[in-house]
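Shown next, in structure tokens, is the structure this report addresses.
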Amino acid sequence: MFLYNTQTRKKEEFVPIIKNRLSLYACGPTVYDYFHIGNARAFIFFDVVRRYFEFKGYEVNYVQNITDIDDKIINKSIEEKVDFTTVADKYSQAFLDDAKALGIKAPSVQPRATEVMPDIIAYIDALVKSGHAYEANRDVYFDTSSLPSYGSLSGKKTEDQLTGARVAENLFKRNPTDFTLWKNSKPGEPVWQSPWGEGRPGWHTECVVMSQKYLGETFDIHGGGIDLIFPHHENELAQAQALSGKPLANYWLHNGFLNIEGEKMSKSLKNFFTARDILQEYDAEVIRFFFLSKHYRSPIDFTRELMEESKRALSNFYEALKTVDFLEIPKILLDTSQSTEVRDFTSAMDDDFNTAKAIAIMFDLVKQLKSPSASEDDKHKAAKVMFYIGRVLGFFQNLETKLHKKQPDLSDALMELIINYRNEARNNKDWKTSDRIRDDLAALSIEIKDTPKGCIWTQKEQ
RNA sequence: GGCGACAUAGCCAAGUGGUAAGGCAGAGGUCUGCAAAAUCUCUAUCCCCGGUUCAAAUCCGGGUGUCGCCUCCA
């Protein structure tokens, strides 16, 4: 299995720290608002990563943080004149709800920054004591010049930052790339006691602390969106490297960005969509199909047209499954490991999660299922394989409800239809037909009565 | 100014040295009282120029174009 490692900018063979076990950390949300469709890409991708490793027989320990203390949360709480925990709680819950609605399997552990505050403070303290961090003006900064390898993940050299970069002026920093570990508090802000006075943590430390707490000093995979490479992941790595002298993760995976109609998504361009919005319009699996039809590292363009296409394409999966007794599919006993499609699927996914190719394999199976010349036995095999690999990508999660979708209650409309035909027959004095309709309905325990106001019908108890 | 990604048919998208997967849309055929559905078939030499090679979409060099990161961001 080969993964593209951001650290080395190469595909590398994946070797887990412990055989058949995967320690995976992917950055979760900062809960200051509903998460957007771009976040959804990352969450869905790492959900697939997790599912695929499980498919490969790994025991997966998947940790995803919830950052519930941050400037943006505080700003929102000031805006809305509520406590910051009100904001954090509201959007944490929204995150959990929306992730579930997207068909994302819950991570093994989902810690919150505020739950590990003593660990965060201890971590910063250790950095100060080791000489990698310094206190200035009641803030604590990480000293990037103390770590020669700083910049290795993003490939940025410190000098480059000085030229043309919009680095905020900060008189207390020793180097422009130094970042805040601990912020002294302004009046009215949430505070925690620390060796440096009352304050709150900076952005990056919570992730190092939470990942190492649950996964160990060095774990297998760390991931997130491509924009997190710098500064977030670089700064996480720096802290870990400074304290342990070891890499934080062996492989760094980053998914590409999402654009809207060719433009960057932003609130000012009014092309900002939350996952919640999109879920109103499209089924979770349509969204998933849309994302997985392109390689995770490529940028993806979100358009209505492509969503409609994805919808049509995905419906072919279900149409194909309808050619067999689909509810029996999960019960079919079959050694899928011998199937060519499963082999092809595995080699596609082993190659840095080539989900686009994996989907093409799904369509091969669609073709087999729809082939008039296929035997029932072949079809059942194809359906089983399709279900099996589809589940790894996160499809077919509610086969029963998807395929047995409840129709809107048509009885009223249908009865009106029938009664109209019967009235037509009665107008033509075609009593034979009209009586037959009445008798047939009676056989279904539906009683017809012709009244001066028209025909009424009732359903009799059986 | 620094760093990086990408450029394959109408659209989306695999393919990273051996002669262009797949999906959507479209066209034609079959089926059909009509419509729909279903089904079959068809549609590209890979941004441009030069080089390496028996062989390049795939490697190298040079262009052009698009996008992103460097500030909160998935």
Side-chain angles (χ1 to χ4, degrees), chain A residues 4 6 9 11 26-30 32-33 35-46 64 67 70-76 95 151 153-170 176-177 179 202-204 223-234 253-259 262-267 272 275 289-317 319-320 322-323 344 348 351-352 354-367 370-373:
Chain A
Y4 182 89
T6 307
R9 307 202 177 257
K11 273 187 201 170
C27 282
T30 298
Y32 70 103
D33 200 351
F35 68 86
H36 57 69
I37 187 71
N39 300 107
R41 183 183 198 188
F43 300 154
I44 289 172
F45 170 62
F46 285 100
Q64 183 188 45
T67 296
D70 175 89
D71 286 2
K72 291 194 292 289
I73 297 172
I74 293 170
N75 290 340
K76 188 110 181 182
F95 162 66
L153 180 66
S154 59
K156 291 186 189 304
K157 297 180 187 76
T158 316
E159 312 88 71
D160 299 337
Q161 297 297 306
L162 295 168
T163 334
R166 289 164 286 176
V167 175
E169 282 278 320
N170 185 326
T177 45
F179 53 92
W203 177 28
H204 315 293
I226 196 166
D227 55 318
L228 289 182
I229 296 173
F230 191 89
H232 187 51
H233 288 165
E234 189 74 74
L253 265 50
H254 292 97
N255 62 277
F257 241 67
L258 173 134
N259 292 320
E263 285 184 307
K264 180 175 173 164
M265 173 165 62
S266 78
K267 284 179 177 168
F272 187 91
F289 184 95
F290 166 71
F291 285 134
L292 299 185
S293 63
K294 188 150 180 167
H295 187 87
Y296 76 92
R297 279 189 286 117
S298 305
I300 196 166
D301 197 28
F302 181 90
T303 66
R304 295 282 153 196
E305 291 86 332
L306 289 176
M307 289 306 288
E308 291 299 326
E309 261 188 32
S310 300
K311 192 174 171 178
R312 287 189 287 263
L314 179 68
S315 77
N316 278 328
F317 286 180
E319 289 306 315
K322 283 181 188 168
T323 63
D344 291 347
D351 182 15
D352 196 29
N354 193 337
T355 52
K357 201 168 184 177
I359 283 178
I361 294 158
M362 302 272 288
F363 278 105
D364 284 344
L365 292 161
V366 167
K367 205 161 205 171
K370 286 187 169 183
S371 165
S373 59

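Reminder, nothing fancy here: chain letters follow the sequence lines and each chain counts from 1.
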Taking atom [atom2] of [N] as reference, at what distance in whole Å does atom [atom1] of [X] sit?
X	N	atom1	atom2	answer
A:D301	B:A7	CG	P	14 Å
A:F290	B:C11	CZ	P	16 Å
A:D351	B:G15	CG	P	7 Å
A:L292	B:C12	CG	C1'	14 Å
A:K370	B:A37	NZ	P	11 Å
A:I226	B:C3	CD1	C1'	11 Å
A:E234	B:G4	CD	P	14 Å
A:R9	B:C69	CZ	P	15 Å

Distance, [atom1] atom - from [M] to [N], rounded to whole angstrom:
N	M	atom1	answer
B:C54	B:C69	C1'	43 Å
B:A25	B:C42	C1'	14 Å
B:C12	B:A20	P	22 Å
B:U8	B:C48	C1'	15 Å
B:C60	B:G17	P	11 Å
B:G22	B:G61	C1'	34 Å
B:C24	B:G65	C1'	26 Å
B:U45	B:G2	P	39 Å

State which of [options] makes the closest approach to the side chain of [X].
X	options	result
A:K72	B:C72, B:C69, B:G4	B:C72
A:H295	B:C67, B:C69, B:A14	B:A14
A:S298	B:A14, B:C72, B:U39	B:A14

Checklist entry - Taking all atoms of both residues into account, what is the closest heavy-atom pair of A:K72 and A:Y32, and its distance? => result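 Smallest interatomic distance, heavy atoms only, reads CE-CE2, 3.2 Å.
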Next on the checklist: Applying ring-ring contact (aromatic ring centres under 6.0 Å, His included) to A:F43 and A:F95, what does each step give before you reach the verdict?
Outcome noted: CA-CA 11 Å; A:F43 300 154; A:F95 162 66; 5.4 Å; yes
Partner nucleotide, any strand, of [N] [Watson-Crick/G-U, under 3.5 Å]:
N	answer
B:C72	none
B:U19	none
B:U41	B:A27
B:C46	none
B:C59	B:G51
B:U64	B:A7
B:G33	none

Item to check | Between NE2 on residue A:H295 and CG on residue A:N354, distance to nearest 0.5 Å | outcome: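 Output value for this atom pair is 6.5 Å.
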Checklist entry - Atom OG1 of A:T67 and atom NE2 of A:H204: how far apart are they, to the nearest 0.5 Å? => result 11.0 Å
For nucleotides 19-24 of chain B, which of its nitrogen or oxygen atoms have a protein nitrogen or oxygen under 3.5 Å away, and what is each distance?
| residue | atom | partner | partner atom | Å |
| --- | --- | --- | --- | --- |
| B:G23 | N2 | A:E309 | OE1 | 2.9 |
| B:C24 | OP1 | A:N316 | ND2 | 2.2 |
| B:C24 | O3' | A:R312 | NE | 3.1 |
| B:C24 | O2' | A:R312 | NH2 | 3.1 |

Item to check | Distance-only side-chain donor-acceptor flag, A:H254 / A:H233, under 3.5 Å | outcome: yes
Checklist entry - Do A:Y296 and A:D352 get their side chains close enough for a donor-acceptor pair, meaning under 3.5 Å? => result yes
Next on the checklist: Considering every strand and a 4.0 Å limit on heavy-atom distances, what is the contact class for A:G224: base, sugar-phosphate, or nothing?
Outcome noted: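 Since only primed, P, OP1 and OP2 atoms lie under 4.0 Å of A:G224, the category is sugar-phosphate.
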Item to check | Touch class at under 4.0 angstrom, heavy-atom based, for A:D70 against every strand present | outcome: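 No contact.
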Next on the checklist: Return whichever of A:H232 or A:S154 has its heavy-atom-nearest nucleotide of RNA chain B closer to the 5' end.
Outcome noted: A:S154
Checklist entry - Of A:P231 and A:K11, whose closest RNA chain B nucleotide lies nearer the 5' terminus? => result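 Counting from the 5' end, the first nearest nucleotide belongs to A:K11.
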Next on the checklist: For the backbone of A:G256 and the side chain of A:R41, can you confirm whether one donor and one acceptor N or O come within less than 3.5 Å of each other?
Outcome noted: yes
Next on the checklist: If you apply the rule salt bridge (Lys or Arg N to Asp or Glu O under 4.0 Å), what do you find for A:K11 with A:D351, and how did you get there?
Outcome noted: CA-CA 9 Å; A:K11 273 187 201 170; A:D351 182 15; 2.8 Å; yes
Checklist entry - Taking everything shown except A:K311 itself, do over 12 heavy atoms lie less than 6.0 Å from its NZ? => result no
